[in-house]
Chemist: 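Mind looking over this structure? Questions follow.
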Number of protein chains: 2
Amino acid sequence: MTAPPHEAHPAGPGRALPDTQQGMRRRNLSRVMHAVSAGGPLSRAAVASRIGLTRAAVSSLVDELIRSGLLQELGPERPGRVGRPGSALAVSGQGPAGIGAEIGVDHLAVCAVDLRGEVRARSVRHGANRGRQVAPVLAELTALVRRVVRETERAGLWPAGLAVAVPGLVARDARTVVRAPNLDWRDTDLGALLPSGFPLTVDNEANFGALAELWLGEETPPDFLHVSAEIGIGAAVVVDGGLLRGTRGFAGELGHVPVRPEGPACPCGGRGCLEQYAGEEAVLRAAGLEPGEDRVGLLADRAAEGDEDVRRALRDAGTALGIALTGAVNLLDPQGVVLGGALSGLAPWLLPALEQELDRRTAGPACPVTVSRFGPEGPLLGAAHSVVRAVLDDPATVGERA
Amino acid sequence: MTAPPHEAHPAGPGRALPDTQQGMRRRNLSRVMHAVSAGGPLSRAAVASRIGLTRAAVSSLVDELIRSGLLQELGPERPGRVGRPGSALAVSGQGPAGIGAEIGVDHLAVCAVDLRGEVRARSVRHGANRGRQVAPVLAELTALVRRVVRETERAGLWPAGLAVAVPGLVARDARTVVRAPNLDWRDTDLGALLPSGFPLTVDNEANFGALAELWLGEETPPDFLHVSAEIGIGAAVVVDGGLLRGTRGFAGELGHVPVRPEGPACPCGGRGCLEQYAGEEAVLRAAGLEPGEDRVGLLADRAAEGDEDVRRALRDAGTALGIALTGAVNLLDPQGVVLGGALSGLAPWLLPALEQELDRRTAGPACPVTVSRFGPEGPLLGAAHSVVRAVLDDPATVGERA
DNA sequence: CTAATTTGTAAACCGCCATGACGAAATAGT
DNA sequence: ACTATTTCGTCATGGCGGTTTACAAATTAG
């Protein structure tokens with residue numbers, strides 16, 4: 001019974017939330033949902049032993065969750081062991097759905113995911129959004145959302161929330177885009193222009209990508225760095241199974257970590273920021289290519305064809321990334337680094353130089369660098385799943401709806 | 001009732017702690033302790049309104065805490081308002097005490113702090129520890145601890161735990177010193193060689209310094225970076241009122257963040273690490289001074305005398321620190337940076353260059369840099385307070401003792 | 001076919017906080 | 001002075017939630 005190390009205190013000094021019996025019930029409902037969601041079909045007894053409550057208590061919790069439409073009884077389990085077989089419980093495929101949306105530089109995408117984690121509807125629209133006004137883009141996105149919601153409802157689900165991934169900095173209110181260089185948006189409140197009727201969350205594309213990795217990855221550790229890039233370079237810091245957001249919500253600005261302090265000037269005011277070496281514009285310039293549509297695809301194609309200029313440009317970008325990541329790894333001691341978003345397509349040419357630099361500069365066992373399995377889909381999936389997660393985390397709030 | 005953003009989930013998937021009524025009671029006991037501890041003498045009614053429970057419930061909790069010797073009834077409050085005056089409650093000055101210890105490069109220190117946060121006993125021993133064997137150092141420390149414990153007991157307190165601050169990397173088991181370059185210690189388990197009889201915690205000196213800042217500072221935000229240095233340069237990352245430790249417990253290795261990627265080679269394997277510019281050895285060399293005893297004091301004296309070589313060396317170190325911190329600030333978006341430990345004495349000459357570099361390189365409002373008010377005392381105080389904090393966080397575990 | 005094992009549920013119980021009522025102790029008003 | 005009002009602390013009652021205990025149901029082992 002050693003005193004625990006000093007992690008974030010459950011409730012800091014000053015005002016603190018009371019601990020009432022209702023809260024206890026709510027947390028236990030959540031525990032049941034998480035257990036069933038993570039453990040596949042499970043009997044009440046299995047859930048009870050996993051979360052440490054008695055069978056009787058779990059029975060009561062499960063009853064409530066079934067009445068709310070969040071759990072489903074699948075019927076008796078195939079018996080392999082002695083004793084009465086349990087009745088299999090599974091997360092419902094008919095309950096709430098999470099709607100995820102992504103505003104990309106040259107596409108809009110929306111999807112719906114059910115509690116089981118399955119994508120039940122999807123809608124994509126290609127076309128460059130760079131420099132367009134906010135309103136028409138959001139109008140188009142709203143249309144896509146409505147289409148997906150209709151489809152979802154036809155499938156017997158109801159939308160529990162909308163989460164939008166944006167390539168830019170989002171304030172801690174989870175509604176305002178402070179700066180999105182790829183879109184030329186500044187200080188825009190998306191809340192006013194998106195469909196209401198269910199809760200809205202807006203977050204950075206890198207953050208949602210990291211959450212996808214965290215929740216959907218097979219062996220993703222609870223502490224890692226997720227690096228993502230379109231034009232800027234964003235990172236998401238996952239600590240102890242949660243996102244690190246920073247005071248203003250701007251944590252993860254890897255793009256402006258100094259790589260060479262006397263390097264080229266950066267619009268941010270600094271010199272030699274990572275973005276000056278590994279940002280999309282810098283890489284294109286170094287590769288001797290013009291800016292244009294789908295530049296990342298172009299880079300990948302050229303590199304695959306064996307274009308030496310492009311390969312060298314990507315190697316150099318990898319080196320710069322490695323230097324910046326060395327700092328981040330020293331500071332955060334993560335269990336791994338994941339390359340996601342647009343970077344995943346370029347990984348084959350970035351990785352060698354990146355890993356070499358990182359290994360050389362860090363003492364002890366190397367920090368493993370992997371590539372996201374979701375590629376460009378990560379942020380969209382993460383967004384949709386974040387809504388599902390919110391339901392699992394507090395099933396009571398949506399219980400009345402069904 | 002918007003869904004909360006996706007912070008660390010109270011209990012990740014898989015195995016999770018059950019939520020029972022006893023746990024509820026324990027958390028509420030903790031809330032009462034924290035409220036009284038933070039709010040000065042408080043009546044039961046005041047506590048109730050602060051933590052959101054009813055007066056009756058608080059009465060019951062307070063009774064238990066008084067029986068355990070953790071709270072004290074001071075008697076009726078001086079009435080200034082209408083109504084019956086409350087009975088003032090205060091944290092007990094006779095209950096458990098936290099024993100803090102520090103192993104420095106050239107001193108050992110131990111102190112005892114009561115629940116009120118007051119230092120009740122103290123014992124220091126000067127003398128260089130660099131290169132000494134582990135056993136004799138710990139034997140001396142044990143003697144100091146025993147002396148402080150005796151004194152504490154004479155004052156009517158009992159030791160609730162021992163926390164030891166070490167200038168080096170500590171594993172997540174909070175017992176093993178993995179690497180302490182200033183002492184030439186490697187992979188030593190302090191648990192075996194220190195007094196048993198109460199719980200032991202070992203942690204990095206920078207971490208404990210940061211906790212002191214967090215808990216004892218007047219206006220310390222819950223998100224900040226605490227930079228500290230003896231020979232190496234360590235930082236502690238405080239996020240959301242808790243320490244970020246990293247996978248292996250090595251988070252905060254600011255000293256090996258690359259500042260100039262092609263700079264001088266570092267023992268860590270990298271090049272141009274911060275330590276090569278702002279580490280004690282590097283600064284002494286740049287200032288044209290020999291290594292020796294109390295080198296930090298020497299630097300401060302010479303700088304105060306106006307020695308231009310020393311001042312330039314410190315300016316350059318400040319610049320390097322500024323570059324490294326730019327990366328950290330971009331990555332973590334903290335509310336502030338605090339210079340502590342040995343750095344606090346050199347702050348006047350480090351700060352200008354550091355702030356200039358940091359401001360220039362970060363967009364938006366500057367991240368404020370301050371100097372710790374505790375100076376070299378921070379880690380010791382933080383260690384002792386960490387034990388006190390553990391009692392406040394879970395009063396039930398120590399309740400039986402009294 | 002019986003014994004053993006496991007599951008799910010129901011009834012009684014206990015612990016914890018909420019509610020409401022009350023006496024106690026102060027102030028405010030007449 | 002005396003009463004009304006306000007606030008504090010406590011007690012009795014009640015509701016809620018998980019535990020304990022008991023038991024029927026369903027399966028395997030012998």
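On a predicted model such as this, the values are computed, not experimentally measured, just so you know. Numbered from 1 within each chain, the chains take letters A, B, ... in sequence-line order.
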Chemist: Tell me the closest heavy-atom pair linking B:Pro96 and B:Val391, and the distance in Å.
Modeler: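 Closest heavy-atom pair between B:Pro96 and B:Val391: CG-CG1, 4.0 Å.
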Chemist: Can we say B:Arg389 and B:Asp394 salt-bridge, meaning some charged N sits less than 4.0 Å from an Asp/Glu carboxylate O?
Modeler: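 Looking at B:Asp394 together with B:Arg389, the answer is no, because their closest N to O distance does not fall below 4.0 Å.
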Chemist: How many angstroms lie between CG in A:Leu89 and CG in A:Leu70, if you round to the nearest 0.5 Å?
Modeler: 12.5 Å
Chemist: Tell me, which of residues 86-93 of chain A have any heavy atom that sits under 4.0 Å from an atom in DNA chain C?
Modeler: A:Gly86, A:Ser87
Chemist: What integer distance in Å separates A:Glu64:CD from D:dG18:C1'?
Modeler: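 It works out to 14 Å between those atoms.
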Chemist: Between B:Glu73 and B:Ser87, is any side-chain donor less than 3.5 angstrom from a side-chain acceptor?
Modeler: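 A donor-acceptor contact under 3.5 Å links the two side chains.
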Chemist: In whole Å, I'd like the distance from the CG atom of A:Leu42 to the C1' atom of C:dT7.
Modeler: 13 Å
Chemist: Taking the minimum atom-to-atom distance to the side chain of B:Ser43, which one of D:dT10, D:dC8, C:dT9 wins?
Modeler: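 Taking heavy atoms from C-beta onward, the closest nucleotide is D:dC8.
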Chemist: Run B:Arg25 and B:Ser60 through side chain to side chain donor-acceptor pair (under 3.5 Å) and show every step you take.
Modeler: CA-CA 10 Å; B:Arg25 181 78 175 174; B:Ser60 151; 2.8 Å; yes
Chemist: Could you pull out the protein-nucleic contacts involving nucleotides 13-17 of chain C (nitrogen or oxygen on both sides, under 3.5 Å)?
Modeler:
from, atom 1, to, atom 2, distance (Å)
C:dG15, N2, A:Gln21, OE1, 3.2
C:dG15, N2, B:Gln21, OE1, 2.6
C:dG15, N3, B:Gln21, OE1, 3.0
C:dC16, O2, A:Gln21, OE1, 3.3
C:dC17, OP1, B:Asn28, ND2, 2.9
C:dC17, OP2, B:Arg25, NH1, 2.6

Chemist: Going 5' to 3' along nucleotides 20-30 of chain C, which nucleotides have protein heavy atoms under 4.0 Å from the base (write B), which only from the sugar-phosphate (write S), and which from neither (write -)?
Modeler: ---BBBBSS--
Chemist: Let me know the distance between CG of A:Leu29 and P of D:dC16, rounded to the nearest Å.
Modeler: 15 Å
Chemist: Are the side chain of A:Arg44 and the backbone of A:Ala57 linked by a donor-acceptor contact shorter than 3.5 Å?
Modeler: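 A pair under 3.5 Å: no.
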Chemist: Assess whether a salt bridge exists between B:Arg31 and B:Asp393, defined as any Lys/Arg side-chain N lying under 4.0 Å from an Asp/Glu carboxylate O.
Modeler: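 No, B:Arg31 and B:Asp393 are not salt-bridged.
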Chemist: Does A:Ser37 reach the main-chain N or O of A:His34 with its side chain, forming a donor-acceptor pair under 3.5 Å?
Modeler: no
Chemist: Do any N or O atoms from the side chain of B:Thr247 and from the backbone of A:Gln335 form a donor-acceptor pair under 3.5 angstrom?
Modeler: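 Checking the backbone N and O of A:Gln335 against the side chain of B:Thr247, a donor-acceptor pair under 3.5 Å is found.
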Chemist: In whole Å, what is the span from the CZ atom of A:Arg26 to the C1' atom of D:dC16?
Modeler: 16 Å
Chemist: Over how many whole Å does the gap from A:Leu74 atom CG to C:dT7 atom P extend?
Modeler: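 Atom CG in A:Leu74 sits about 17 Å away from atom P in C:dT7.
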Chemist: Can a side-chain donor-acceptor contact be found between B:Arg116 and B:Gln72 if the only test is distance below 3.5 angstrom?
Modeler: yes
Chemist: Hey, could you give me the OG1/CD1 distance between A:Thr201 and A:Ile99, rounded to the nearest 0.5 Å?
Modeler: 12.0 Å
